[in-house]
Novice: 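Let me give you the structure first, and then I'll get to my questions.
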Protein chains: 2
Amino acid sequence: MRKLTIIDIAREAQVSIKTVSRVLNHETGVGAATRARVQAIVDAHNFKPNAAARSLPGSRSYLVGLLVFSDEIHYYYSALQTGVLRAARRHGYHMIMESCRDMETEDRQSVLRRLGSSRFDALVVPPPMCDSPFILDIIEELGIPYVRIAPRVALERSSFIYMNDTEAAEQVMAHLWELGHRQIMYVGFQETGASIDRYDGYTRFFREKGCVPPYPLITVSNATAKGAIETGETLLRQADRPTAIFAGSDLVAFGLMTAAAKFGLSIPADLSIVGFDDSPGAESVWPPLTTIRQPITDMGERAVDILVKGLGGDLAVRTKEAHRLEFSLIVRGTTAPPAH
Amino acid sequence: MRKLTIIDIAREAQVSIKTVSRVLNHETGVGAATRARVQAIVDAHNFKPNAAARSLPGSRSYLVGLLVFSDEIHYYYSALQTGVLRAARRHGYHMIMESCRDMETEDRQSVLRRLGSSRFDALVVPPPMCDSPFILDIIEELGIPYVRIAPRVALERSSFIYMNDTEAAEQVMAHLWELGHRQIMYVGFQETGASIDRYDGYTRFFREKGCVPPYPLITVSNATAKGAIETGETLLRQADRPTAIFAGSDLVAFGLMTAAAKFGLSIPADLSIVGFDDSPGAESVWPPLTTIRQPITDMGERAVDILVKGLGGDLAVRTKEAHRLEFSLIVRGTTAPPAH
DNA sequence: CTGAAAGCGCTTACAG
DNA sequence: CTGAAAGCGCTTACAG
């Protein structure tokens, strides 16, 4: 069977190819009845216009860019990428990745040139680039439409996708509280502001219970587990050590688990631990980690959906939007009621 | 500055656009002098032909497919993808990912239809799909050129990229031997044949030293760390426990490290451990894991290089090739001389 | 070994 | 609200 073209659709709908093109691109200026008839035929055939043919005469490339931080393999970007790829394909776009190593230290001209020479129509900007005024200025100067993932600053600058870290933290606390824990500690990380949002949830939870948080904020490096291990060794030696620790990230949780093992503390019998991220290792460690799953893949998908809708040219949808996605608490093996 | 086209190149070289097209596509039938002159101009401008314009009239899509196993996030595929993406961009191609969840259980017709409807010009086929006759039959039936990554069966069927697992294993053994270890054990995994290749290196090393391997082959599941932890607990309880363990994968190594911690064994003072893969966690655990780094990203790049060369149409390069890439032993903190 | 013509499937710019 | 014409930058099929 030959590949369908808009000529086939046009013939079947008894309209010109231009009208089919209008419907396909959600352009205005087509009668409601005509639009419905064409759309029905498009749907019936599951017709997808040829991307090459679209981009050749047009000004669009049908490429969405995903900004990634250096070439490193990080599950956060992998997950995001899976979502971007999925949505891009759905919309007839391709994904192109642009790596941002050293963008902050590079001079303005070379970054401009580099981003300007890539021919994507729109850009998905995840952390930490989404919070860099330097990067945002350049993107805006180039006039590239963009959507940010989980930004923390200058929220008014663009559409963005986010999840509520504070609320997720409160849910972690509620889980531990219900198990009977009261001596709960939060161990965060230094690298990004997300840790603070989670700490806010921790303190807010205690406040709502009418209590004062029993421990001060502790932060370690989130780059390697070393800091968490060392901190864990100090913490767990204390006489009034917590019965449960809420770790700001899975990596911090892993470090604490290692430290606990060194002290002969059994998890979750002697100490409960909750992570944050549901990273690939969370299921592999022993016991498997109770943690918060972030909807990273969904975030990527939604970002592309917004972008493509905006590129459709319908001015009404160019409004900046903020989409909140839901997290979920994954209860696995590192949480249990406290001993006696 | 306006985007260059082959018309500009043709004018500058005083030839027709058809001749420029021939040079660009490495087609035969251009005089050596003409070819050199055109190529020089192409290089001088760093001219890249417009992919959309190429694929529109032609039969090629300028898309390379990467087959991935389900939608899971796995660093192996992430690394491969980085390489494929990098090489694809270099050659003016885009990358498209095709997920293979349940391919083995699906019926032949639906897989054929699915792969047939994606319009990539060539396919990179990593494990485990590269060893599935079912998948290979379908790809060949569709006439899609493909290169396999680290295949273990039917090597004559296609070009492939590989590394020498056995030799890498021998290098691990040499490292441990030089530190003074003699009671070295190998703990492999069940999932893929790679574990056997590594075990072969283990036994071969002892044979070359004129010894008999001191321990039998042990295998655990590579899906979660649980099996490795339990196995480790059994092994480390033994009176004649090894002074060093060569783990068939990083994940197995992580499990063994957890088990060692439970027994109060200090790594590397009481027990040395070496992994295999250099996965993202290898640097984050404590102590950081000594392991073999596989050139996964490079493998992806090379696969695309071969594919694109083949698509160039030069029959001579359609020969099946096998490219071996080099691994490297990354010595970190889990290996040291044995106690006393 | 080299080139002139037609056309891929769309969008742009314009006309009505 | 709808359509006819031109053309995007290449490749294909053909001619010499």
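Reminder, nothing fancy here: chain letters follow the sequence lines and each chain counts from 1.
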Novice: If the condition is side chain to side chain contact (heavy atoms under 4.5 Å, CB included), which residues does A/P49 pass it with, not counting sequence neighbours?
Specialist: A/L24, A/F47, A/R54

Novice: In whole angstroms, how far is the C1' atom of C/dG7 from the CD1 atom of A/I7?
Specialist: 11 Å

Novice: If you compare every side-chain N and O of B/T34 against the phosphate oxygens of C/dT2 (OP1, OP2), does one of them come in below 4.0 Å?
Specialist: yes

Novice: Name all residues meeting the side chain to side chain donor-acceptor pair (under 3.5 Å) criterion together with B/D121; count only those two or more places apart in sequence or in a different chain, and write none if there are none.
Specialist: B/S61

Novice: Whole angstroms only, please: what is the CZ-C1' distance between B/R37 and C/dT2?
Specialist: 12 Å

Novice: Has B/T19 got a side-chain N or O lying under 4.0 Å from the OP1 or OP2 atom of C/dT2?
Specialist: no

Novice: Have a look at A/G31 and say if it touches a base, only the backbone sugar-phosphate, or nothing, with a 4.0 Å heavy-atom cut-off.
Specialist: sugar-phosphate

Novice: Once pairs are restricted to Watson-Crick or G-U wobble with both distances under 3.5 Å, how does DNA chain D read as a dot-bracket string, [ ] for crossings and | for other-strand pairs?
Specialist: |||.||||||||.|||

Novice: Going by the rule side chain to side chain donor-acceptor pair (under 3.5 Å), which residues pair with A/H45 if we only count those two or more places apart in sequence or in a different chain?
Specialist: A/E12

Novice: So, using side chain to side chain contact (heavy atoms under 4.5 Å, CB included) as the criterion, who are the partners of B/A322 when residues are at least two apart?
Specialist: B/F160, B/Y162

Novice: Who passes side chain to side chain donor-acceptor pair (under 3.5 Å) against A/E301, sequence neighbours left out?
Specialist: A/R86, A/R90

Novice: Pairing donors with acceptors under 3.5 angstrom, does anything connect the side chains of A/T297 and A/T82?
Specialist: no

Novice: Would you kindly compare B/L56 and B/S16 by the position of their nearest DNA chain C nucleotide and give the one closer to the 5′ end?
Specialist: B/S16

Novice: Please state how far atom CD1 in A/I9 lies from atom P in C/dG9, giving the value in whole angstrom units.
Specialist: 13 Å

Novice: Can a salt bridge be assigned to the pair A/E27 and A/R35 using a cut-off of 4.0 Å between side-chain N and carboxylate O?
Specialist: no

Novice: Distance check needed: C/dC10 C1' versus A/K48 NZ, whole Å only.
Specialist: 17 Å

Novice: When the distance from CG of B/N50 to C1' of D/dC10 is rounded to whole Å, what number comes out?
Specialist: 8 Å

Novice: Each nucleotide in nucleotides 11-16 of chain D should get exactly one letter: B, S or -. Can you fill that in based on protein heavy atoms under 4.0 Å?
Specialist: BBB---

Novice: From CG of A/L4 over to P of C/dC8, roughly how many Å is that when rounded to an integer?
Specialist: 15 Å

Novice: Any side-chain N or O of B/T5 below 4.0 angstrom from OP1/OP2 of D/dG9?
Specialist: no

Novice: How would you list, by chain and number, every residue that makes a side chain to side chain donor-acceptor pair (under 3.5 Å) with B/T34, sequence neighbours excluded?
Specialist: none

Novice: Does A/Y62 have any ring-ring contact (aromatic ring centres under 6.0 Å, His included) partners at least two apart in sequence or in another chain, and if so, which?
Specialist: A/Y93

